[in-house]
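A short worksheet on the structure shown next.
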Amino acid sequence: MTHMDYDVIVIGGGHAGAEAAWSASNALGPDGCVALVTMSPDRMGAMSCNPAIGGLAKGQMVREVDALGGLMGRAIDATGIMFRMLNTSRGPAVRGPRAQADRYAYACEIQRLLATRRDSIHVIAATVEEFLVEGERIAGVTLPPGAGRVHPRDDDGTGWHEHLPTPIWPSSPPESDRANDITVLRSKAVVLTTGTFMRGLMHTGEQQTPGGRVDEPAAGGMSKTLETLGFELGRLKTGTPPRLRRGTIDWDSLPAQEADASPVPFSDLPGSSLPSGAFPGLPQVSCRLTHTTADMHELIRENLHRAPMYNGEISAEHGPRYCPSIEDKVVRFADRESHHVFLEPESLHTDEIYCNGISTSLPPDVQDLLVRSMPGCEKAEIFRHGYAVEYDMVWPHQIDSTCMTKRLDGLFLAGQINGTSGYEEAAGQGLMAGLNAARLVQGKELVRLARDEAYIGVMLDDLVTKTPREPYRMFTSRAEHRLLLRSDNADARLTPLGREWGLVGDVRWDLWCTRQKAMAELDELSHRIRVDGGRTLRDCMRRPEMTAREVLNLLTSEHDVALVDRVMIDARYEGYVQRQRAEISRRGDMDRRRIRDPQAMALTSGLRAEAAEAIQRFQPSTLGQAARLAGVTPADVTLLAVALHKSR
């Protein structure tokens, strides 16, 4: 039996796994080594559903991942084919950047970036059979015969943007590696990112196919392994819509949705992945809008008995409430005769169109009729039908907001295994899990992001204090401090932390320092320059009708218009932000007060039974987390605070 030692092992090559491997590699430094174990190396970074990144609150999270040195922002800047800023009619706090991606180019770009770390990130084609456990700690994983490290192809992918992309990693180990099968990987830290693959089962009408994604098998053994270790599993479901052939759609007859004329990049390193250094790196396209019809809704009602979402074939009880199937929409909104459908190109190199808005599990013959009932799609052909997928997950009250499990030290969970949905939520968890896995093996204290520091912090706190009823999706409304958590200031909030944690390299850090210096100079100028009857420029900036271009005309030197806009936003929100920071300061003490032994704290004298049960189940790490648990009252918090004081 061959043994290999790694600092960190990451299982799964999706959005969570890629970010986990990348952040762990950054945090470990040049001498560290990460194993990235995935069933299909050529599918790393694949977009299983919608080929888009960002959106409301999700775009903020992508900016946060980038500010912490992650991959997602750089990859979408290099491969986006339609950039738009959403919610521009509202304030900057709730605007969200979004980009349609060339889905094939995006996966290749993630693989290309990972390949730049080929000495410190070893990609291994395998499935994990079981964990190695020593006492209450993880010690590694075992792999089946035939597993082996795979290497990037000789073509490093720098030319993918010029032609139809091809995978950078082969789908199986080279023959030279097969002769030296790897069977045991040892590590004190393992990050598990299974996506929708744990006992995944796909449904299209009456047809059932094991798997977490089309043409990829399910991971059956991991669920049994986790159950054997005592983890409480749940089952969730999600779905995807049919894909159409563009040439069969009356494309020009439908209203267009265009890209922004001046797109805003996600990354603070725009163009860093492109030979030309240009942004955007690819030609921009438009989408088309169509809609469902009353006839289509009636057809759906007539066939609900053939939809696994409704006929009992899917054992998972809950699906995504905020991204429902078309069957759900028709039933829940019975008074509506129409729903918007966005027809979105999936690549510059193929004829594939994603039907955003009609996720479905109905049989193929019904899907054909549904699609052809939409305006502009009367002759449309489906080349891949929609389907639903149900999968196992781990109820997230069993992890801490560091992403480490409470039952097994050194085991971290990230992505849909924690009950979330979306690429962006997975990326944020993956980054934090990889970072903390690296810190664990380095003997450093694990780190958390607070609710007032990042949407990533809001998400992780929600996961460990609330039991999700459906796949968790981030919204701006979930953040009580969203005036602080804007997409434009993610770097100011998080890049210094990323530098402290070893995630931010010299190039990004130098750019950040230069940008902060320029903003400080702008801020100082705005207080000095007098305009409009003696009022300061700072006062004028607060007027909602004033634009960044108008401010530039009043300045005595040249400045970046994007930085001027940021200084204006800070000026307009200044009073509100001060009030929020005062409230955060008052509440912050509770989140700094650590609960070392939650089980003992649940036995606090006078604590109500409901509160004690909640604390035993969720095992909060801080007094603040305990206060946010359902069933814990302010009186319970007072008792806990007294008990904590006595225990110290």
Side-chain angles (χ1 to χ4, degrees), residues 6 8-26 33-49 51 53 65 70-76 78-79 101-128 143 147-158 160 164-174 177 185 190-197 200 211-219 273 346-347 414-417 422-424 426-431 433-434:
Y6 284 94
V8 174
I9 298 169
V10 177
I11 302 170
H15 303 280
E19 296 289 354
W22 186 261
S23 66
S25 175
N26 284 336
C33 200
V34 177
L36 175 53
V37 185
T38 175
M39 289 189 289
S40 305
D42 61 333
R43 297 297 302 274
M44 291 187 299
M47 294 178 143
S48 303
C49 194
I53 295 293
V65 167
L71 294 173
M72 184 169 275
R74 293 174 62 184
I76 188 58
T79 62
D102 183 312
R103 66 180 307 159
Y104 301 105
Y106 183 89
C108 282
E109 179 63 7
I110 290 291
Q111 294 177 38
R112 190 194 70 81
L113 288 166
L114 291 172
T116 64
R117 300 284 179 83
R118 66 187 73 199
D119 293 331
S120 57
I121 299 177
H122 295 175
V123 175
I124 298 172
T127 57
V128 172
L143 308 178
R149 181 181 172 193
V150 292
H151 306 277
R153 299 186 188 280
D154 293 336
D155 174 11
D156 66 0
T158 55
W160 59 256
L164 182 64
T166 55
I168 296 169
W169 300 80
S171 58
S172 59
D177 280 340
L185 306 180
V190 175
V191 182
L192 183 60
T193 69
T194 56
T196 59
F197 286 85
R213 179 164 64 203
V214 169
D215 298 328
E216 293 190 61
S273 294
E346 295 205 331
S347 174
Q416 285 177 284
I417 191 172
Y423 310 143
E424 304 81 4
Q429 293 171 71
L431 185 146

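Index from 1, following the sequence. These values consider heavy atoms only, across backbone and side chains, with no hydrogens, waters or symmetry-generated copies.
The side-chain hydrogen bond (donor to acceptor under 3.5 Å, both in side chains) check on Q429 picks up N418, T420, with sequence neighbours excluded. With sequence neighbours excluded, the residues forming a side-chain hydrogen bond (donor to acceptor under 3.5 Å, both in side chains) with S48 are R213, listed by chain and number. In this structure, the side chain to side chain contact (heavy atoms under 4.5 Å, CB included) partners of C49, at least two apart in sequence or on a different chain, are T240, P241, Y354, Y423. Partners of Q111 according to the side-chain hydrogen bond (donor to acceptor under 3.5 Å, both in side chains) rule, which considers only residues two or more places apart in sequence or in another chain, do not exist here. Under the salt bridge (charged side-chain N to carboxylate O under 4.0 Å, His left out) criterion, R43 pairs with E216, not counting sequence neighbours.
Evaluated for a side-chain contact (heavy atoms from CB on, under 4.5 Å) with L114, the options V123, I168, I121, V34 yield exactly one hit, I121. Checking each of L36, V37, L185 against Y6 for a side-chain contact (heavy atoms from CB on, under 4.5 Å) leaves exactly one that passes, namely L185.
What you find for Q416 and G195 is that their closest heavy atoms are CB-O, 3.7 Å. Minimum interatomic distance between E109 and A75 (heavy atoms only, all atoms of both residues): CG-CA, 3.8 Å. Here the closest heavy-atom approach between residue P217 and residue M39 is recorded as O-CE, 3.6 Å. Across A115 and P152, no two heavy atoms sit closer than the pair CB-CG, 3.7 Å.
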Could you go through the side chain to side chain contact (heavy atoms under 4.5 Å, CB included) check for I76 and Y106 one step at a time? CA-CA 7 Å; I76 188 58; Y106 183 89; 4.2 Å; yes
Go through the steps for R117 and N26 under the test side chain to side chain contact (heavy atoms under 4.5 Å, CB included), then give the verdict. CA-CA 10 Å; R117 300 284 179 83; N26 284 336; 2.7 Å; yes
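Looking only at distances, no side-chain donor or acceptor of S347 sits under 3.5 Å from a matching main-chain atom of D102.
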Can you list, pair by pair, the side-chain donor-acceptor contacts under 3.5 Å of residues 13-22, counting residues two or more places apart and other chains?
| residue | atom | partner | partner atom | Å |
| --- | --- | --- | --- | --- |
| H15 | NE2 | A46 | O | 3.1 |
| E19 | OE1 | L71 | N | 3.0 |
| E19 | OE2 | L71 | N | 3.2 |
| E19 | OE2 | M72 | N | 2.8 |
| W22 | NE1 | G69 | O | 3.0 |

